[in-house]
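Remarks on the structure that follows.
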Amino acid sequence: MKSPRCAIVVLGLLAAALSAGCQRETGSGPTEVSGRLFVFNYRIARAHYMITLRRTGVLPDPAVAVATFEDPRGGAPLVTRTKIFPFWETIVLESPPIHCVRKDRPYTVGIRILDGAGKVVQAIETTAISTVDQTVLTAKPLVVGPGYAINPDILREDGSVDYAPETGCPI
């Protein structure tokens, strides 16, 4: 009788250990997301993602962060690779320029922290949400030249600024 009871106890402990492993939060590891935002640079008429990570533990040296950003225009995701220096307490990940950002729409971002051998140390899945549409940007830079003169290409005949909408954006 002791053998079946022992087997049940062992199976119960094994099930508890496996379920505890499944409860591990995605992204737990040597960093945590401390900021997610869209940066709209009005001067040069460009937008991009900016994700910041805060170190919460030891990172291998060398290490890199591979970030995969959803392209708001559609199509393949945008991928960046950023070297992480051992003395960084904050890691800033930026996307290439993006277009067609919509207000209040969640865009997915995946981050993988890799060691020097390419082994995944941490994987993070998050979203970024903009509080404004990209229509706040002009189609061309606001200023030109070293004196930051107003760009004549963005002015209409009546002197107002032309906020030309992006073309080719998904609805």
List for me each residue that meets ring-ring contact (aromatic ring centres under 6.0 Å, His included) alongside Phe38, sequence neighbours excluded, and say none if there are none. Tyr49, Tyr107
Those residues that, when tested against Thr126, pass side chain to side chain donor-acceptor pair (under 3.5 Å) (two or more places apart): Arg36
Counting distance only, does the side-chain N/O of Thr56 pair as donor-acceptor with the main-chain N or O of Gly29 below 3.5 Å? yes
Is the closest side-chain heavy-atom distance between Trp88 and Leu59 below 4.5 Å? no
Would you indicate whether the side-chain heavy atoms of Val132 and Lys103 approach each other to under 4.5 Å? no
Assigning hydrophobic clusters by single linkage (Ile, Leu, Val, Met, Phe, Trp, Tyr; side-chain heavy-atom cutoff under 4.5 Å), is Ile150 placed with Val136? yes
Shared ILVMFWY cluster between Ile124 and Val120, side chains joined below 4.5 angstrom? no
Side chain to side chain donor-acceptor pair (under 3.5 Å) with Ser34: which residues, sequence neighbours excluded? Thr52
Answer yes if Leu114 and Phe69 sit in the same cluster of Ile, Leu, Val, Met, Phe, Trp and Tyr residues linked by side chain heavy atoms under 4.5 Å apart, and no otherwise. no
Provide the full list of salt bridge (charged side-chain N to carboxylate O under 4.0 Å, His left out) pairs with a residue in residues 41-58, sequence neighbours left out, each pair given once. Glu32-Arg54
If hydrophobic clusters are built by linking Ile, Leu, Val, Met, Phe, Trp and Tyr wherever their side-chain heavy atoms come under 4.5 Å apart, do Leu142 and Phe40 end up in the same one? yes
Indicate the atoms forming the closest heavy-atom contact of Ile98 with Ser95, along with that distance. CG2-OG, 3.9 Å
Distance col, row Leu78:CG vs Asp71:CG, nearest 0.5 angstrom, shows 4.5 Å
Specify the closest pair of heavy atoms between Ala67 and Leu93, including all atoms of both residues, with the distance to one decimal. CB-CD1, 4.3 Å
Pair listing, side-chain hydrogen bond (donor to acceptor under 3.5 Å, both in side chains) test, anchored in residues 136-148, at least two apart: none
Pairs involving residues 73-87, ordered by first then second residue, that meet side-chain hydrogen bond (donor to acceptor under 3.5 Å, both in side chains) (sequence neighbours left out): Arg73-Glu166
Might you point out which heavy atoms bring Ile154 and Pro141 nearest each other, and give the distance in Å? CG2-O, 3.7 Å
Evaluate the side-chain proximity of Pro30 to Val58: yes if any heavy-atom separation is below 4.5 Å, no if none is. no
Side-chain donor/acceptor of Glu94 to backbone N/O of Met50, under 3.5 Å: no
For residues Asn41 and Leu137, report the shortest heavy-atom separation together with the two atoms involved. O-CD2, 3.9 Å
Between atom CD1 of Ile111 and atom OG1 of Thr68, what is the distance when rounded to the nearest 0.5 Å? 9.0 Å
Is there a side-chain contact between Leu53 and Val33, using heavy atoms and a 4.5 Å cut-off? yes
Indicate, with yes or no, if Val92 and Ile84 share a hydrophobic cluster defined by side-chain heavy-atom contacts under 4.5 Å among Ile, Leu, Val, Met, Phe, Trp and Tyr. no
Side-chain heavy atoms of Arg102 within contact of Pro170, under 4.5 Å: no
Is there a side-chain contact between Leu155 and Val161 (heavy atoms, below 4.5 Å)? yes
